[in-house]
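In what follows, every chain begins at residue 1, and chains take the letters A, B, ... in the order their sequences are listed. The analysis underlying the following values was restricted to heavy atoms, covering all of them including side chains, and did not include hydrogens, waters or symmetry mates.
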2 protein chains.
Amino acid sequence: MKTEQKILELLSNNGIRKTNFRIELLELFYKNKHGLSHRDIKEAIECMPDKVTIYRALDTFMEKGIIHKVPDINNVSRYALTKHECAETHHNHAHFICNSCHKTFCMDDIQIPEIQNAHGFKINSIKLILEGKCSDCSECSH
Amino acid sequence: MKTEQKILELLSNNGIRKTNFRIELLELFYKNKHGLSHRDIKEAIECMPDKVTIYRALDTFMEKGIIHKVPDINNVSRYALTKHECAETHHNHAHFICNSCHKTFCMDDIQIPEIQNAHGFKINSIKLILEGKCSDCSECSH
DNA sequence: TCTTAAATGCGACTATGTTGCAAAAATAAA
DNA sequence: TTTATTTTTGCAACATAGTCGCATTTAAGA
Ligand SMILES: [Mn+2]
Ligand SMILES: [Mn+2]
Ligand SMILES: [Zn+2]
Ligand SMILES: [Zn+2]
């Protein structure tokens, strides 16, 4: 299915109105393989929405599970498309942060380890964050 | 050895001057079992330092390895004492975040899993973050 | 076309964090 | 003890991230 079509369905299925901005925002998420910050979005979106509009779209997409938070080095919120189109239960996955370009990637195929309760702490979920160099930054030596 | 004594040695060994504020800040870190944010510190410290003074002390302690960053739910910087007094190499360890009180704890005894390189990503370090309920928050039901 | 609920823009606001510079305090040297 | 050097501190100004209320606009349904 074409991306454009998928985006319109995604908005329909979640009862979100098809405004130019929200369509363009989803296109941006589909185009990028890494997590996007508010600033990334502000700089990339053509129709120049107010910053509040961006924050509110991100909130809405989060609530509907269309996007999810990804970790970031500098304490900034980043988001990426939630890929599990079929899964009802949230598919927990690892994330990779490149120490060179600071991009964050979802690693859907890496196994999250099981940890048993420790010292009175009741563990509900586990986050695994890998750091290193992404493929783009590995190519150039030194 | 008494905490007071340990603090003075810690400052001496790292060439940091023994000001009232920095001593009090280290006392605060010794007293707390969980990570502290700038705001936590501002509210707890008696001698009411300027916010910049706090940020700079944290920077200095970080550089010397006296404290380290711990994760936080709301993208705020949090810090905790680095415990490995003997170890030269940085002892990598897991962290636990309580979803109820939002405190972060260092879990020195939990094994960090080994992950092999995946799809061109070169992995240098691994962070493991556990979420759930801490012992304080588990006690009270519901 | 008309209605209504969602989405947007604007202004004001809070919180976190940084930088430059001058004054104060801690340590080392005399 | 006094002096000199280097840290540490406080202040002001700034930068960026994020939130809230309210009036206006717009998408979608009747
Ligand atoms: Mn992800
Ligand atoms: Mn820790
Ligand atoms: Zn990279
Ligand atoms: Zn708790």
Side-chain angles (χ1 to χ4, degrees), chain A residues 4 7-29 35-64 66-79 102 104, chain B residues 4 7-29 35-64 66-79 102 104:
Chain A
E4 180 73 12
I7 287 173
L8 294 179
E9 277 191 22
L10 202 51
L11 293 172
S12 267
N13 295 340
N14 287 284
I16 301 171
R17 295 190 175 171
K18 303 177 185 67
T19 65
N20 291 338
F21 161 59
R22 294 194 172 197
I23 292 170
E24 201 184 334
L25 179 55
L26 282 183
E27 281 171 355
L28 191 66
F29 275 118
L36 298 175
S37 68
H38 181 274
R39 177 196 276 256
D40 293 336
I41 294 165
K42 181 97 186 175
E43 286 169 359
I45 293 274
E46 305 266 323
C47 60
M48 305 272 261
D50 190 79
K51 63 174 176 175
V52 189
T53 304
I54 299 176
Y55 280 118
R56 285 194 275 230
L58 292 172
D59 285 348
T60 303
F61 290 176
M62 275 281 287
E63 276 168 30
K64 305 294 185 178
I66 297 173
I67 59 175
H68 66 283
K69 278 212 180 202
V70 297
D72 175 84
I73 289 289
N74 298 76
N75 290 341
V76 168
S77 287
R78 287 183 177 273
Y79 305 88
H102 296 265
T104 306
Chain B
E4 179 74 12
I7 287 173
L8 295 179
E9 278 190 22
L10 202 51
L11 292 172
S12 267
N13 296 342
N14 287 284
I16 301 171
R17 294 191 176 171
K18 304 178 186 67
T19 66
N20 291 339
F21 161 59
R22 294 194 172 197
I23 292 170
E24 201 183 336
L25 179 55
L26 282 183
E27 281 170 354
L28 192 65
F29 274 118
L36 299 175
S37 68
H38 181 274
R39 176 197 277 256
D40 293 335
I41 294 165
K42 181 97 186 172
E43 286 169 0
I45 293 274
E46 305 267 322
C47 60
M48 306 273 259
D50 190 79
K51 62 175 175 174
V52 189
T53 304
I54 300 176
Y55 280 118
R56 285 194 276 229
L58 292 171
D59 285 348
T60 304
F61 290 176
M62 275 282 285
E63 277 167 29
K64 305 294 185 179
I66 297 173
I67 59 176
H68 66 283
K69 278 211 178 204
V70 296
D72 174 85
I73 288 288
N74 298 78
N75 288 341
V76 169
S77 288
R78 286 183 178 274
Y79 305 88
H102 297 266
T104 307

Side chains of B/Thr53 and B/Asp50, donor plus acceptor under 3.5 Å: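 Checked: B/Thr53/B/Asp50 side chains show no N/O donor-acceptor pair below 3.5 Å.
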Test item: side-chain donor near acceptor, B/Ser77 and A/Asn75, under 3.5 Å: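 Side-chain D/A pair, B/Ser77 to A/Asn75: present.
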Measure [atom1]/[X] against [atom2]/[N] and give the value in whole Å, please.
X       : N      : atom1 : atom2 : result
B/Glu63 : D/dT7  : CD    : C1'   : 13 Å
A/Leu11 : D/dG29 : CG    : P     : 13 Å
B/Ile23 : D/dT7  : CD1   : C1'   : 14 Å
A/Asp59 : D/dA17 : CG    : C1'   : 13 Å
B/Ile41 : C/dG17 : CD1   : P     : 10 Å

Point-to-point distance, once rounded to the nearest 0.5 Å, from CG of B/Leu36 to CD of B/Glu43: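 Atom-to-atom, B/Leu36:CG and B/Glu43:CD are 11.0 Å apart.
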A/Tyr55 ring center near A/His38 ring center (under 6.0 Å):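 Centroid separation for A/Tyr55 and A/His38: below 6.0 Å.
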N or O in side chain of A/Thr19 less than 4.0 angstrom from D/dT26 OP1/OP2: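 For D/dT26, neither OP1 nor OP2 has a side-chain N or O of A/Thr19 closer than 4.0 Å.
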N or O in side chain of B/Arg56 less than 4.0 angstrom from D/dT9 OP1/OP2: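 It does not, given that no N or O in the side chain of B/Arg56 lies less than 4.0 Å from OP1 or OP2 of D/dT9.
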Residue whose nearest DNA chain C nucleotide is more 5′ - B/Arg39 or A/Thr53: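 In this pair, the answer is A/Thr53.
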Closest-nucleotide ordering on DNA chain C, the 5'-leading residue of B/Ile16 and B/Asn75: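 The answer here is B/Asn75.
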Sugar-phosphate only, base, or nothing, as touched by B/Ser77 at under 4.0 Å among non-hydrogen atoms: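 Sugar-phosphate contact only - B/Ser77 comes under 4.0 Å of backbone atoms but never of a base.
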Sugar-phosphate, base or nothing in reach of A/Lys18, heavy atoms under 4.0 Å: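 Result for A/Lys18 = sugar-phosphate.
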No-H, no-angle donor-acceptor pair, A/Arg17 side chain to C/dA5 base, under 3.5 Å: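 Such a pair exists between side chain and base.
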Upstream residue (5' side of DNA chain D) when B/Ala57 and A/Asn20 are each assigned their closest nucleotide: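 Its nearest nucleotide being more 5', the pick is B/Ala57.
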Options C/dG11, C/dG17, C/dT8, nucleotide nearest the side-chain atoms of A/Val52: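 Given the options C/dG11, C/dG17, C/dT8, the side chain of A/Val52 is closest to C/dG11.
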